[in-house]
Q: 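Before we start, here is the structure in question, set down as structure tokens.
Just so it is clear, the structure is predicted and the values come from calculations on it, not from any experiment.
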Amino acid sequence: MKTLWLVRHARPLIDTERCYGRLDVPADEAATRQAAQALHQALLPHRGDVNISHSALQRCEQLAYAIHGLEPDFTTKPDSRLLEMDFGHWEGQRWDEIGEAAISAWAQNLASHAPGDGESLAQMLQRVNAALQQARREPQGQQVWICHAGVARCVQWLLQHGDQLPQSADWTLPAPAYGQWLQLQIA
């Protein structure tokens with residue numbers, strides 16, 4: 001059975017009341033080390049059967065490098081398909097400064113509206129699905145993605161609903177807490 005581990009980066013060093021999707025902010029170093037140690041222990045039984053990919057944003061790279069430092073046999077590679085959603089000109093703004101009207105416009109057309117003129121959820125689902133299909137073809141049984149909450153939600157949606165696009169009321173999928181992970185069967 002093939003398993004996909006969706007590992008969320010450690011807590012980012014930014015006010016989490018801000019929209020920070022594609023902002024390249026670092027994660028807390030101590031929390032990253034702690035997450036790497038926990039993940040390393042969880043992955044050890046699978047040592048020869050692990051393929052690790054990560055978002056190229058530094059908060060994910062930090063965790064990938066920390067795991068590689070603990071287990072050099074675990075190779076890691078960046079994958080731009082695992083980036084968080086691009087929120088365009090919303091990036092770095094406080095959510096309450098973006099404005100209720102702009103957020104409501106996005107919520108009314110969740111799949112197709114590009115918040116902040118960035119990336120729509122439909123576009124994000126498409127790129128995450130391309131990575132998911134490749135993960136299903138990989139020979140290793142343990143696929144590990146060091147990624148973001150949005151990517152974790154996209155994978156769950158794709159596994160449960162395929163190509164169907166979500167409405168706002170449907171988009172209630174959980175995401176791992178910072179430094180935590182979900183394990184999902186993908187094949």
Q: What distance do Gln93 atom CD and Leu23 atom CG have between them, rounded to the nearest 0.5 Å?
A: 10.5 Å
Q: Taking only residues two or more places apart in sequence or in another chain, which ones pass side chain to side chain donor-acceptor pair (under 3.5 Å) with Gln143?
A: Asn51
Q: Measuring from atom CD1 of Ile14 to atom CG of Asp24, what distance do you get when rounded to the nearest 0.5 angstrom?
A: 10.5 Å
Q: Does any pair with a residue in residues 115-149 pass ring-ring contact (aromatic ring centres under 6.0 Å, His included), and if so which ones, sequence neighbours excluded?
A: His9-His148
Q: Is the backbone of Gly92 close enough, under 3.5 Å, to the side chain of Arg18 for a donor and an acceptor to pair up by distance?
A: yes
Q: Could you pull out all donor-acceptor pairs under 3.5 Å where a side-chain atom in residues 168-183 meets a protein atom, sequence neighbours excluded?
A:
{"from": "Ser168", "atom 1": "OG", "to": "Ala107", "atom 2": "O", "distance (Å)": "2.3"}
{"from": "Asp170", "atom 1": "OD2", "to": "Gln167", "atom 2": "N", "distance (Å)": "3.1"}
{"from": "Tyr178", "atom 1": "OH", "to": "Tyr20", "atom 2": "OH", "distance (Å)": "2.8"}

Q: Just so I know, are the side chains of Leu70 and Gln37 near enough to count as touching, which here means a heavy-atom distance under 4.5 Å?
A: yes
Q: Could you tell me which non-hydrogen atom of Lys2 sits nearest to which non-hydrogen atom of Ala135, and how far apart they are?
A: CD-O, 3.3 Å
Q: Among the clusters formed by ILVMFWY side chains lying less than 4.5 Å apart, do Leu39 and Leu6 turn up in the same one?
A: no
Q: For side chain to side chain contact (heavy atoms under 4.5 Å, CB included), just list the numbers for Asp73 and Arg47, CA-CA rounded to whole Å, side-chain angles, deciding distance to a tenth of an Å, and then say yes or no.
A: CA-CA 8 Å; Asp73 289 344; Arg47 180 176 272 146; 4.2 Å; yes
Q: Without swapping roles, check the side chain of Asp49 against the backbone of Gly141 for a donor-acceptor pair under 3.5 Å.
A: yes
Q: Between the main-chain N or O of Ala130 and the side-chain N or O of Gln134, is there a donor-acceptor pair closer than 3.5 Å?
A: no
Q: Go through the steps for His54 and Glu61 under the test side chain to side chain contact (heavy atoms under 4.5 Å, CB included), then give the verdict.
A: CA-CA 7 Å; His54 63 85; Glu61 283 185 333; 3.3 Å; yes
Q: With no hydrogens and no angle check, is any side-chain donor or acceptor of His68 less than 3.5 Å from a backbone partner on Phe74?
A: yes
Q: Would you check if the side chain of His46 reaches a backbone N or O of Gln142 as a donor-acceptor pair within less than 3.5 Å?
A: no
Q: Looking only at non-hydrogen atoms, find the nearest pair between Leu44 and Glu71 and report the distance.
A: CD2-OE1, 3.5 Å
Q: Supply the atom-to-atom distance Gln62 CD to Ile146 CD1, rounded to the nearest 0.5 angstrom.
A: 11.0 Å
Q: Quick one: CD on Gln34 to CG on Leu63, what's the gap to the nearest 0.5 Å?
A: 11.5 Å
Q: Side-chain heavy atoms under 4.5 angstrom apart, residues restricted to Ile, Leu, Val, Met, Phe, Trp, Tyr: same cluster for Trp5 and Leu159?
A: no
Q: So, the side chain of Arg127 versus the backbone of Leu83: is there a donor-acceptor pair under 3.5 Å, distance only?
A: yes
Q: Apply side chain to side chain contact (heavy atoms under 4.5 Å, CB included) to the pair Gln160 and Gln156, showing each step before the final yes or no.
A: CA-CA 6 Å; Gln160 293 173 22; Gln156 292 175 83; 4.3 Å; yes
Q: Same cluster or not: are Trp157 and Leu4 linked, directly or through other Ile, Leu, Val, Met, Phe, Trp or Tyr residues, by side-chain heavy atoms under 4.5 angstrom apart?
A: yes
Q: More than 12 non-hydrogen atoms from neighbouring residues, nucleotides or ligands closer than 6.0 Å to CG on Asp163, yes or no?
A: no
Q: Can you hop from Leu13 to Tyr65 via hydrophobic side chains spaced under 4.5 Å?
A: no
Q: Grab the two heavy atoms, one from Gly69 and one from Pro72, that are nearest each other, plus how far apart they are.
A: O-CD, 4.3 Å
Q: How far apart are the closest heavy atoms of Asp15 and Arg94, and which atoms are they?
A: OD2-NH1, 2.7 Å
Q: What verdict does the side chain to side chain contact (heavy atoms under 4.5 Å, CB included) test give for Val144 and Thr3, after you've listed the backbone C-alpha separation in whole Å, the side-chain angles of each residue and the deciding distance to 0.1 Å?
A: CA-CA 8 Å; Val144 179; Thr3 303; over 6 Å; no
Q: Same cluster or not: Val155 versus Val7, using hydrophobic residues (I, L, V, M, F, W, Y) connected whenever any side-chain heavy atoms lie under 4.5 Å apart?
A: no
Q: How many angstroms lie between atom CH2 of Trp106 and atom OG of Ser112, to the nearest 0.5 angstrom?
A: 13.0 Å
Q: Main chain of Gly21, side chain of Glu84: is a donor-acceptor contact present, judged purely on distance under 3.5 Å?
A: no
Q: Do you know the tightest heavy-atom contact between Glu119 and Pro115?
A: O-CD, 3.3 Å
Q: Give, for atom CG of Leu57 and atom CG of Leu82, the distance between the pair rounded to the nearest 0.5 Å.
A: 10.0 Å
Q: Closest approach of Leu121 and Pro166, non-hydrogen atoms and distance?
A: CD2-CG, 3.6 Å
